[in-house]
Amino acid sequence: MKGTTMKTIKTVFFTLLFAALFSGCPSNGDTRRGSGRGAKAALDYSLPAEAYKSRMQASDPAGWHPVAFRAVAPVGGITLSGDGLFRPVLERNISYLLRSFSATHILHPFLLRAGKTFEPDSVPQEPFWDTELRGSSAGRFLMGAGNTLRWIDHAELRARLDEIIDGIEACRKPDGYILPYEPDPDSLRSEEPNYARAWLTHGLIDAAIAGNPKAGGLLRGHADWFNTWDVMHPRLLYWHNNNHQGHIASTRTYLSPVGQPEDLQTAEKYYVCDWWIDELAAGREEAIWQYPLQNPHCYLIASFEAYLDHYIATGDESFLEAMLGAWKLIRESWEHVGGSIAVCENQWDLENGRRVLKHWDKTHECSHPPRSCYLTGYGHTGETCGTVFWVKFNQRLHQLYPDEEKYMAEIEKSIYNISLANQQDNGTIRYHTIMQGKKEKLKASNSCCEGQGTRLLGSLPEYIYSIASDGLYVNLYEPSSIRWESGGQSVGLTQESRFPFRPEVALTLSAPAPVKMKLRIRIPSWAAQNVSITVNGKPFATGKPGSYAQLSRRWQEGDRIAFTLPADLRISPYEGLDTVPGYKRYAVEYGPLLLAATGEGEIPHILASTGLENKLIPDPARPLHFSIADDGSHTFVPYWLLSDEPFTVYPLIKENP
């Protein structure tokens with residue numbers, strides 16, 4: 001299918017690629033198209049893993065009907081102001097990438113597999129992250145650098161990216177194979193055939209976006225090889241740990257400019273599971289925390305991305321129905337206040353021919369039932385990588401339904417409360433979003449959270465705006481400028497903002513000739529009241545919280561839009577398993593920001609939850625800081641600003657003071 005249909009898909013999905021930077025018994029291969037799959041009895045999750053089948057057949061590309069995005073994320077054309085939050089974050093990300101590991105260290109497993117003579121780096125290979133997930137460090141670097149170079153052209157970072165791509169090319173086999181281990185299943189370690197392939201795929205796509213001329217060809221050659229890996233295909237879904245994570249590699253490759261129908265067909269045949277589609281569409285919580293193939297984990301969200309890609313590529317609404325169900329499950333049962341993802345690895349055991357979850361009781365750190373939401377490092381919750389997958393999943397939904405503010409609201413709080421919060425001052429990225437105690441203090445490694453974390457940090461500008469055929473969506477309030485095409489001409493917009501420290505936002509248009517288009521301004525769901533919007537100093541529109549205010553007119557050079565974002569304090573009760581008898585817990589948010597109580601000595605027990613927001617007094621000298629009435633030792637501050645001090649997001653409150 002390289003004719004008209006494929007050309008249409010490439011047109012629709014070219015921007016998606018770059019935006020993503022760019023029941024009853026187990027399934028018998030049911031490939032019914034469309035929604036209305038029908039209600040089924042809940043799945044039995046205790047069978048041996050091999051009882052849960054993938055489709056083992058693929059649909060005909062002639063029947064695919066790709067779905068067009070209503071808005072797309074920009075792949076470039078955005079300049080960040082040094083007065084904002086994002087520019088320093090990207091600069092620290094550059095420092096982290098260049099400081100963490102040398103090109104020789106990253107290329108070590110590739111050179112070893114290819115039999116090249118080389119002098120090993122003085123820094124030894126990281127146990128597990130480098131030695132059991134060979135090739136993931138290359139993916140980590142290429143993801144972080146490829147995304148960052150879209151907005152900041154840094155000569156040393158670009159040279160390092162090109163050096164790694166050149167090294168991978170030098171180790172490529174004649175048949176296109178590029179991974180740094182032999183493809184014989186007996187030579188594979190841990191999660192490699194899924195994890196490392198997915199990471200390197202992301203990295204090559206992001207390197208291509210950054211302008212490397214070789215990355216796309218390397219990706220295509222390897223995908224051609226992978227699509228014929230018959231000895232491994234039926235085993236991928238049952239391979240060690242988080243096997244579903246390989247799915248995204250095939251769907252992203254298909255949606256890239258070098259994609260072929262075989263990429264999507266291979267994914268459909270060996271990764272798509274109709275029994276899981278049914279469970280997610282039915283909204284069954286067991287489909288998340290008791291996922292029966294290997295480990296229930298936040299990596300399930302990466303698989304949600306892939307399933308949604310199938311909908312985008314084919315128009316099969318059964319994928320969409322299931323992914324809307326998956327979104328609701330995560331949002332309602334596995335998301336902390338503030339946005340971090342609360343599901344992590346559970347382990348299955350085999351007992352008397354049936355499988356049981358190991359230590360799923362609430363007293364064990366491997367337990368992540370619905371609304372468990374552990375607060376400390378003991379609970380192994382809030383992995384940074386889970387947040388990245390959540391952001392990418394919500395970005396796809398935002399591009400499909402850009403007027404539904406809730407998807408960008410999820411992205412916003414994920415950025416402020418997790419992405420920014422988990423970048424240390426030296427650029428190293430924390431593994432967990434801990435809600436009580438102290439934040440982690442880590443050295444650079446090649447962990448899953450660093451790899452996905454640097455990817456998200458490098459892509460931050462693409463969430464500020466979305467481009468529509470008839471104008472622009474303004475999603476986030478970060479000082480920046482963007483240029484894009486509208487009405488057949490180049491149009492610019494400059495955003496002035498000191499958000500979140502100040503609520504005022506101003507937008508100025510730049511257009512060589514008047515242009516009729518729509519500007520859609522996000523009025524966040526956290527806004528305390530309606531927002532009045534002026535154009536050139538005169539009232540023009542009123543935006544309601546949780547919506548996009550649409551400003552439609554013929555715009556011209558110098559037109560200026562202004563509005564003020566009314567943030568307020570909000571109190572949320574804690575509903576997780578980290579409870580203390582006789583006390584309740586409450587979190588405090590200000591606008592999109594999660595606040596934390598910190599100060600000298602023991603964090604106080606606030607005596608009553610009613611009126612808690614009235615006990616917090618804004619500090620006029622320190623924006624976003626709040627003192628506590630009758631307590632001169634502690635303050636509430638944005639969680640992202642914390643460093644090494646002790647804190648709690650959920651102060652204890654006596655039930656009967």
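In this chain, numbering begins with 1 at the start of the sequence shown. Below, all heavy atoms of this structure are taken into account, side chains as well, without hydrogens, waters or symmetry copies.
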Nearest heavy-atom neighbours spanning [X] and [Y]:
X: His154; Y: Leu98; result: CE1-CD1, 3.7 Å
X: Ile429; Y: Gly453; result: CD1-C, 3.6 Å
X: Ala138; Y: Ile168; result: CB-CD1, 4.4 Å
X: Tyr431; Y: Cys448; result: OH-SG, 3.3 Å
X: Ser54; Y: Tyr238; result: N-OH, 4.4 Å
X: Ile330; Y: Phe304; result: CG1-CE1, 4.0 Å

Evaluate the side-chain proximity of [Y] to [X]: yes if any heavy-atom separation is below 4.5 Å, no if none is.
X: Gln265; Y: Glu262; value: yes
X: Glu317; Y: Tyr311; value: yes
X: Trp276; Y: Leu300; value: yes
X: His380; Y: Tyr374; value: no
X: Leu218; Y: Glu169; value: yes
X: Ser250; Y: Lys269; value: no
X: Thr251; Y: Ile248; value: yes
X: Lys392; Y: Ser459; value: yes

Just how far is it from atom [atom1] of [X] to atom [atom2] of [Y], taken to the nearest 0.5 Å?
X: Tyr271; Y: Ser303; atom1: OH; atom2: OG; answer: 9.5 Å
X: Ile178; Y: Leu200; atom1: CD1; atom2: CG; answer: 4.5 Å
X: Gln260; Y: Asn227; atom1: CD; atom2: CG; answer: 9.0 Å
X: Lys328; Y: Ser333; atom1: NZ; atom2: OG; answer: 10.0 Å
X: Leu457; Y: Asn93; atom1: CG; atom2: CG; answer: 5.0 Å
X: Glu286; Y: Leu43; atom1: CD; atom2: CG; answer: 9.5 Å

With no hydrogens and no angle check, do the side chains of [X] and [Y] hold a donor and an acceptor under 3.5 Å apart?
X: Thr131; Y: Arg189; answer: no
X: Asn212; Y: Asp162; answer: yes
X: Asn446; Y: Ser136; answer: yes
X: Gln395; Y: Glu462; answer: yes
X: Asp316; Y: Thr314; answer: no

- request: Any chance you could lay out the side chain to side chain donor-acceptor pair (under 3.5 Å) test for Arg455 and Asn147, step after step, and finish with the verdict?
  value: CA-CA 7 Å; Arg455 176 189 180 201; Asn147 280 290; over 6 Å; no
message: Applying side chain to side chain donor-acceptor pair (under 3.5 Å) to Asn422 and Thr384, what does each step give before you reach the verdict?
response: CA-CA 8 Å; Asn422 284 348; Thr384 298; 2.9 Å; yes
All pairs passing salt bridge (Lys or Arg N to Asp or Glu O under 4.0 Å) where residues 109-121 contributes a residue, at least two apart: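 Output for this query is empty, none listed.
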Flag the pair [X] and [Y] as a salt bridge only when some basic side-chain nitrogen lies within less than 4.0 angstrom of an acidic carboxylate oxygen.
X: Asp309; Y: Arg252; result: no
X: Glu440; Y: Arg430; result: no
X: Arg220; Y: Asp224; result: yes
X: Arg354; Y: Asp349; result: no

task: Just jot down the salt bridge (Lys or Arg N to Asp or Glu O under 4.0 Å) partners of Lys173, sequence neighbours excluded, or say none.
output: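 Lys173 satisfies salt bridge (Lys or Arg N to Asp or Glu O under 4.0 Å) with Glu182 only.
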Residue pair Asn194, Asn242: steps toward the side chain to side chain donor-acceptor pair (under 3.5 Å) verdict: CA-CA 8 Å; Asn194 288 299; Asn242 307 320; over 6 Å; no
- prompt: Checking side chain to side chain contact (heavy atoms under 4.5 Å, CB included) for the pair Leu357/Gln290: CA distance, chi angles, key distance, verdict?
  reply: CA-CA 7 Å; Leu357 276 178; Gln290 294 188 32; 3.6 Å; yes
Flag, side chain of [X] to backbone of [Y], donor-acceptor distance under 3.5 Å:
X: Glu192; Y: Arg134; result: yes
X: Trp289; Y: Val343; result: no
X: Tyr181; Y: Gly135; result: no

- request: Give the C-alpha distance, both sets of side-chain angles, the deciding distance and a yes or no for side chain to side chain contact (heavy atoms under 4.5 Å, CB included) between Leu255 and Leu264.
  value: CA-CA 9 Å; Leu255 295 177; Leu264 196 69; over 6 Å; no
message: Restricting to side chain to side chain contact (heavy atoms under 4.5 Å, CB included), what partner residues turn up for Glu351, sequence neighbours left out?
response: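 In terms of side chain to side chain contact (heavy atoms under 4.5 Å, CB included), with neighbours along the sequence ignored, Glu351 is linked to Val356.
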message: I need the single residue from Tyr195, Tyr291, Tyr299 that forms a ring pair (Phe, Tyr, Trp, His ring centres under 6.0 Å) with His244. Which is it?
response: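 Exactly one option meets the ring pair (Phe, Tyr, Trp, His ring centres under 6.0 Å) with His244, and it is Tyr291.
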message: Given Tyr177, which partner from the list Phe110, Trp229, Trp225, Phe226 fulfils the ring pair (Phe, Tyr, Trp, His ring centres under 6.0 Å) test?
response: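 With Tyr177 as partner, Phe110, Trp229, Trp225, Phe226 yield a single ring pair (Phe, Tyr, Trp, His ring centres under 6.0 Å), made by Trp225.
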field: Cys298 and its side chain to side chain contact (heavy atoms under 4.5 Å, CB included) partner, picked from Gln452, Glu383, His368
entry: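 Exactly one pass, corresponding to Glu383.
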Mind checking side-chain hydrogen bond (donor to acceptor under 3.5 Å, both in side chains) for [X] and listing every partner two or more places apart, or none if nothing turns up?
X: His336; answer: Thr381
X: Ser445; answer: Glu126
X: Glu450; answer: Tyr96, Ser447

Pair Ile209-Arg150, side chain to side chain contact (heavy atoms under 4.5 Å, CB included): steps then yes or no: CA-CA 7 Å; Ile209 295 165; Arg150 289 191 287 149; 3.1 Å; yes
message: Between Ser59 and Trp64, is the side chain to side chain donor-acceptor pair (under 3.5 Å) condition met? List the steps.
response: CA-CA 8 Å; Ser59 55; Trp64 296 349; 2.8 Å; yes
- prompt: So, Trp327 versus Phe393, ring centres under 6.0 angstrom or not?
  reply: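 Trp327 vs Phe393: aromatic centres not under 6.0 Å.
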task: Go through His247 and His310 one step at a time and tell me if the side chain to side chain contact (heavy atoms under 4.5 Å, CB included) criterion holds.
output: CA-CA 11 Å; His247 194 174; His310 283 281; 2.8 Å; yes
